[in-house]
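This report concerns only the one structure given below.
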Protein chains: 2
Amino acid sequence: MIKNSELEKENFNIWLIEDNLHFRRTINGLINQTPGMKCSNAFETCEEAISLMETEFPPQVILLDIGLPGMTGIEGIEKFKKISPSTHILILTIYDDNEKVFDALCAGASGYLLKDSSPDKIIGAIEEVLSGGAPMSMQIAHKVLEIFSNLKPKKNDYGLTDRESEILKLMVTGLTKQQIADQLFLSFHTVNTHLKNIYVKLHVNTKSGAITKAFKENLI
Amino acid sequence: MIKNSELEKENFNIWLIEDNLHFRRTINGLINQTPGMKCSNAFETCEEAISLMETEFPPQVILLDIGLPGMTGIEGIEKFKKISPSTHILILTIYDDNEKVFDALCAGASGYLLKDSSPDKIIGAIEEVLSGGAPMSMQIAHKVLEIFSNLKPKKNDYGLTDRESEILKLMVTGLTKQQIADQLFLSFHTVNTHLKNIYVKLHVNTKSGAITKAFKENLI
DNA sequence: ATGACAATCGCACGTTCGTGGTATATTAAA
DNA sequence: TTTAATATACCACGAACGTGCGATTGTCAT
């Protein structure tokens with residue numbers, strides 16, 4: 001499987017954090033059987049790994065479970081990344097809900113695999129993060145795109161005119177009516193009128209309400 | 001390469017939108033050589049494809065370029081998805097900037113390949129979308145995670161107390177000071193004081209400013 | 001036990017906002 | 001050509017806000 005001479009020379013350092021003894025041993029063995037990779041430490045909890053990371057040289061890759069006793073894997077990611085930003089975190093878990101996937105990737109994970117991945121896939125994923133990729137199980141990649149498409153929601157159309165949108169944008173920056181008027185070389189009264197119309201269209205009756213709505217519904 | 005009996009039976013319908021004649025012919029040939037796949041239509045522009053889509057039966061997959069004459073691929077995605085939500089859009093382009101990737105995936109693309117992908121990869125990607133996956137070139141997957149980690153920015157800590165955060169949350173819902181006071185069974189003056197302190201901590205001096213900051217920096 | 005912080009409550013004053021009106025010029029559609 | 005929509009401008013008044021001063025109480029660590 002592995003015939004990359006670079007890998008064989010470098011002997012990449014990998015840590016494993018996994019509370020299930022059996023799975024930990026399996027993965028550990030798998031990595032150490034792979035030329036060019038070495039699972040130098042295997043932990044049951046993030047806490048143990050963190051304390052060692054502060055004294056020892058950090059690994060290139062951490063294989064990280066999410067459902068752990070004590071600190072969760074998600075929380076762990078941030079800690080690891082703070083200590084060693086260059087270490088790649090590869091999530092290896094049973095959880096595939098949007099929430100966990102989203103949080104893990106936001107926290108800085110470099111990849112996300114489900115535990116049903118084959119040994120080949122797991123080793124391949126480690127190689128992929130090492131070469132700058134972002135390995136994901138098929139289902140996870142799909143979820144990621146799902147999250148994306150929900151990210152930019154139906155751009156609700158309240159029928160704001162161009163001028164009104166422009167004024168809404170300025171309002172969001174925190175300007176008062178008078179300041180907006182100055183900025184656009186308009187009379188205070190004109191801005192006042194526009195605001196009134198904006199409020200009617202957005203069904204609000206305060207600046208705060210308009211701003212909140214603007215953010216929540218991507219009107220900015 | 002392809003030995004999936006399901007694919008051979010079904011003969012999946014694929015459309016191609018690509019303005020480069022040479023590349024269009026190449027991909028067209030590639031698909032038609034693949035058992036179980038048929039490139040039934042190849043277009044130069046989104047406009048042509050859209051008009052045909054309104055009369056003919058839509059394909060299972062559209063291979064879509066982004067840099068097209070007339071309507072861009074990104075704009076096209078939304079149109080296609082509106083006409084036929086179940087059609088998978090697979091982006092095949094030279095553009096790999098965050099902006100385009102982000103927009104395409106938000107618009108509802110099911111995958112994103114770079115044009116330097118090998119024929120095998122392209123066919124593999126089509127199979128992957130058909131089986132519910134989300135194929136991405138390695139670089140693209142990496143960019144996607146990059147976008148994610150920038151999504152949840154440094155949760156700036158302004159040292160708000162629990163009470164202050166609570167009041168900030170209520171403020172965002174559009175309540176007045178008096179309404180917030182009622183909600184929390186506090187005096188108007190107490191809320192007023194808390195707001196003053198919030199303003200100092202957030203370096204703002206209006207409700208609007210506080211709300212904007214709350215949204216922009218995820219303080220909610 | 002002293003000090004720092006958080007949470008609560010109070011008042012006064014000037015500023016800004018929200019809303020009820022009215023009105024004109026321009027432009028685009030019917 | 002009439003109509004509708006948009007952008008512009010004005011006024012007045014009460015409500016809400018922002019900010020300057022206070023103050024008391026409790027908690028928690030030093």
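Numbers restart at 1 for each chain; the letters A, B, ... are given by sequence-line order, proteins then strands.
- A search for side-chain contact (heavy atoms from CB on, under 4.5 Å) contacts involving Ser40(A) returns Asn13(A), Trp15(A), Lys38(A), not counting sequence neighbours.
- Legend: salt bridge (Lys or Arg N to Asp or Glu O under 4.0 Å) pairs involving residues 48-62 of chain A, not counting sequence neighbours: none detected.
- Salt-bridge annotation for Glu166(A) and Arg163(A): present, with a side-chain N of the basic residue lying under 4.0 Å from a carboxylate O of the acidic one.
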Checklist entry - Which parts of nucleotides 3-17 of chain C does protein reach within less than 4.0 Å, heavy atoms only, written one letter per nucleotide 5' to 3' as B for base, S for sugar-phosphate only and - for none? => result ---SSBBBB-----S
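- Five base pairs at each end of the helix from dA1(C)-dT30(D) to dA30(C)-dT1(D) define two local axes, and these are offset by 50° (rounded to 10°).
- Sorted by first and then second residue, the salt bridge (Lys or Arg N to Asp or Glu O under 4.0 Å) pairs involving residues 193-209 of chain A (not counting sequence neighbours) are Glu164(A)-Lys201(A).
- Annotation: side-chain hydrogen bond (donor to acceptor under 3.5 Å, both in side chains) contacts involving residues 172-189 of chain B, sequence neighbours excluded, comprise Thr176(B)-Gln179(B), Lys177(B)-Asn192(B), Gln178(B)-Asp182(B).
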Could you tabulate the donor-acceptor pairs under 3.5 Å formed by side-chain atoms of residues 129-142 of chain B, not counting sequence neighbours?
from: Ser131(B); atom 1: OG; to: Glu127(B); atom 2: O; distance (Å): 3.1
from: Ser131(B); atom 1: OG; to: Glu128(B); atom 2: O; distance (Å): 3.2
from: Ser137(B); atom 1: OG; to: Leu114(B); atom 2: N; distance (Å): 3.0

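- Taking atom CG of residue Leu195(A) and atom C1' of nucleotide dC10(D), one finds them 16 Å apart after rounding to whole Å.
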Can you list, pair by pair, the side-chain donor-acceptor contacts under 3.5 Å of residues 65-72 of chain A, counting residues two or more places apart and other chains?
from: Asp65(A); atom 1: OD1; to: Thr93(A); atom 2: OG1; distance (Å): 3.4
from: Asp65(A); atom 1: OD2; to: Lys115(A); atom 2: NZ; distance (Å): 3.3
from: Thr72(A); atom 1: OG1; to: Ile74(A); atom 2: N; distance (Å): 3.4
from: Thr72(A); atom 1: OG1; to: Glu75(A); atom 2: N; distance (Å): 3.2

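- With sequence neighbours excluded, no residue satisfies side-chain hydrogen bond (donor to acceptor under 3.5 Å, both in side chains) with Asn205(A).
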